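See structure below.
Just so it is clear: chains get the letters A, B, ... in the order the sequence lines come, proteins before strands, and each one is counted from 1. Since the structure is predicted, the reported quantities are computational estimates derived from the model, not experimental observations.
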Number of protein chains: 2
Amino acid sequence: MMSVAKDSASEKRDTGTLGKLMVLLDLVTHAEGPMRFTDILAVADQPRGTLHRQLSHLVEEGLLEIDADGRYSPGFRLLDLASRSWARNEFRLVSEPHLKALQGLTGETVHLGVLRGTAIIYLDKVEGQQPVRMYSQIGNASPVYCTGVGKAALSILPRERVEALVADIVFHRFTANTHTAASLLAEIEDIRKQGYAFDREEHEVGIRCVAAPIWSENLSLVGGVSVTGPAYRLTMERLSEWSGPIQETAKRIMEAMRIGLGPRR
Amino acid sequence: MMSVAKDSASEKRDTGTLGKLMVLLDLVTHAEGPMRFTDILAVADQPRGTLHRQLSHLVEEGLLEIDADGRYSPGFRLLDLASRSWARNEFRLVSEPHLKALQGLTGETVHLGVLRGTAIIYLDKVEGQQPVRMYSQIGNASPVYCTGVGKAALSILPRERVEALVADIVFHRFTANTHTAASLLAEIEDIRKQGYAFDREEHEVGIRCVAAPIWSENLSLVGGVSVTGPAYRLTMERLSEWSGPIQETAKRIMEAMRIGLGPRR
DNA sequence: AATAAAGTTCCAAATAATAGAACACGCGAA
DNA sequence: TTCGCGTGTTCTATTATTTGGAACTTTATT
C-alpha cells in the first residue's frame, strides 16, 4: 500500500529487486550490532517467507553473515569490494600527492571527501606522525551540514539543488554551533562568494576546520579538501591564513583531474 | 540419503537476480580501470537491453558510478557499507588488543585475516612506527595457498573440505616457492600437527611470516593471525621462536570470542 | 510435557526481469 | 551533406523470479 506521496524531497528509487535488498543491507549495516531474524522482520516491511529468502540470498553472496545464533551482521565481501574500489579510485589517486603537500605545509590532518546524497564520504585522510587507525575515517559518511567539506561542496551546487538537498536533511544538533536548515542556507551563500568554508565546532566541540570545494564540470563529482585540528591550536586567524593554500590545493587537484581526462577526449 | 555430492569445483549459486548483479559488480571492481558499456557487454553474458537496466540499477543504488564518458567504476556506497561493517566487526574488535600485544612483542607487522571461499580477507593490520596507508591491506583478498594465515586456516578444516577447496583454486606461481595443489595439501598435513604455519617467501620474494589459526567451534569463522616481515630480519630460526607466542595470541583471541558469546547463551 | 516463539519451506498468483528488436546519437568518411 | 557504423538507450511481449500466506519444523519457555 502506498502512503501519501512525500513531497519533492522524497527520492523514489526504482531499482526493483535490488532496491529491496539494499534496504535490508542498509538496515543491518546501520544497526548497533547483529540483528536477529525477528528484529529485521519487525522493521522491514516484508512477509516472513519473503524476508527469509532475501536474507538467505544476501548471506549466500557474502554481503551478510549469519552467526551460530542466527544473528545477521555485515559480510566480509563488502570489505573486499570496498578495498578494490578505494585502491583504484581515480579521484583519490590523483589527489594523494596534493593532500600530502598540504599536510606538510599545515602540519594538521587533511581530508578528502565526496558528496553522496546528503552525506560526505571521506575518501582519504593524511595525518602527521601517529599511526592512523585504518577505516577510522575513510569510508565514513558524515552529514553535509556540519562538516567543512560538506558545506564547501554544497556551495558550488546550483541554489535549487542545494534547497532540494537541504529539504531532505534531518538536522541533528551535535553542538551549540550546529546549523539549522535556515542558517545553513544562509552560510552557503557566503561560502559561495568566499570560495572556502569553515567548520566552527559544528560537529564536535573542540574541532575546527577549513575546507575548499572540488568539482567536475558537469557536477557528477562534487567534494572537497579540508584541514582539521583541535580548536586550541587552530585559531580562526590561523584557519583564515590557510584559506589560500587550501583553495590552491583544490585547484591543483581539479587541474590534475582534467589532465587525466583531458587529452584522451 | 544425501544427493550425490556436487562436483567440488562447480559451486552453483542460486541467488536469483542478486547473483546476476553481483557478477557485474565483481566484474567492474576487479577490472584494471573504468569499463565502458561495450567492454562489459563483451564479457557479461547478457543481452544489451538487459545489461543496460542492470547497470542502471547498480548506479542508482550507488554501488557503481558512471562518469561523463560513460565509463563504469565501483561506487562510493561500497566504502560507506564497508566502513560500518569493519567498525562494528566483533572478531576484529575482540582481537585488536591481542594483535597490538603481539606487535609489541615481536616488533614486526601483525595481520588478522579470515577465510572466505579460497581467499583470505585481511581484517586488521598493526604496524610499528610508520603511518599506515589506509585500506592498503585491510579488506584485501589474498590467495589461501601462499599466505601464512591462509595455510593456517586450511589446517583446521576437515580434510575433505580442504580438498574440495583446493580443487577450486587456480594456482598462480608468484615466486619459486609458491605451492602447487599437491605440495599445499602435503604441507597442510604438517601444519595440522604443528599448529602453526610459515610463509617461506611463497607470495613475495623477501617476505616471510608465521601464522596460527583461529576458528569458532562450528567453523563458521576460520582465519588466523600472522607476524610478517622482511626475510633478512626474520630468519627461519626467529620465526620458529615466535611460533609459541603467536599460538598463544590465537588462543587468547579464541577465548575472548567465547567470552563474548559465552555467558549470554 | 505442553505451549509458545522463532525460524523454515512450500506453491499458486503477482510482479519484475528478460530477450530481441527498434530507436537515437555521435562521429568520421565519402 | 549524407551515409554508414559503433555506441548506447528505450520499448514490449514473453518468461522467469519474486511474492504472500499458510503450513510446517525446530528451538526455547513454563
Taking every heavy atom of A:D124 against every heavy atom of A:L99, the minimum-distance pair comes out as CB-CD1, 3.9 Å

When the distance from [atom1] of [X] to [atom2] of [N] is rounded to whole Å, what number comes out?
X     : N      : atom1 : atom2 : value
B:L51 : C:dA19 : CG    : C1'   : 13 Å
B:L18 : C:dT18 : CG    : P     : 12 Å
A:H57 : D:dA16 : NE2   : P     : 17 Å

Give each protein N/O atom lying under 3.5 Å from an N/O atom of nucleotides 11-15 of chain C, with the pair distance.
none

Do A:T15 and B:E60 get their side chains close enough for a donor-acceptor pair, meaning under 3.5 Å? no

ring-ring contact (aromatic ring centres under 6.0 Å, His included) partners for [X], two or more places apart:
X      : value
B:Y196 : B:F198
A:F174 : A:H172, A:H203
B:Y72  : none

Just wondering, do B:R71 and B:E65 contact through their side chains at under 4.5 Å, heavy atoms? no

Ignoring hydrogens and geometry, is there a side-chain-to-backbone donor-acceptor pair from A:S216 to A:L221 under 3.5 Å? yes

If you measure from the Lys or Arg side-chain nitrogens to the Asp or Glu carboxylate oxygens, is any gap between [X] and [Y] under 4.0 Å?
X      : Y      : result
A:E248 : A:R252 : yes
B:D26  : A:R77  : yes
B:R159 : B:E163 : no
B:D67  : B:R36  : no

Does C:dA17 have its OP1 or OP2 closer than 4.0 Å to a side-chain nitrogen or oxygen of B:Q54? no

Ignoring backbone atoms, test whether B:T17 places a side-chain nitrogen or oxygen under 4.0 Å from the OP1 or OP2 oxygen of D:dT18. yes

So for the helix from C:dA1-D:dT30 to C:dA30-D:dT1, with five pairs setting each end axis, what is the inter-axis angle to 10°? 30°

Assign a letter to each nucleotide of nucleotides 4-10 of chain D from its 5' end: B, base within under 4.0 Å of a protein heavy atom; S, sugar-phosphate only; -, no contact. ---SBBB

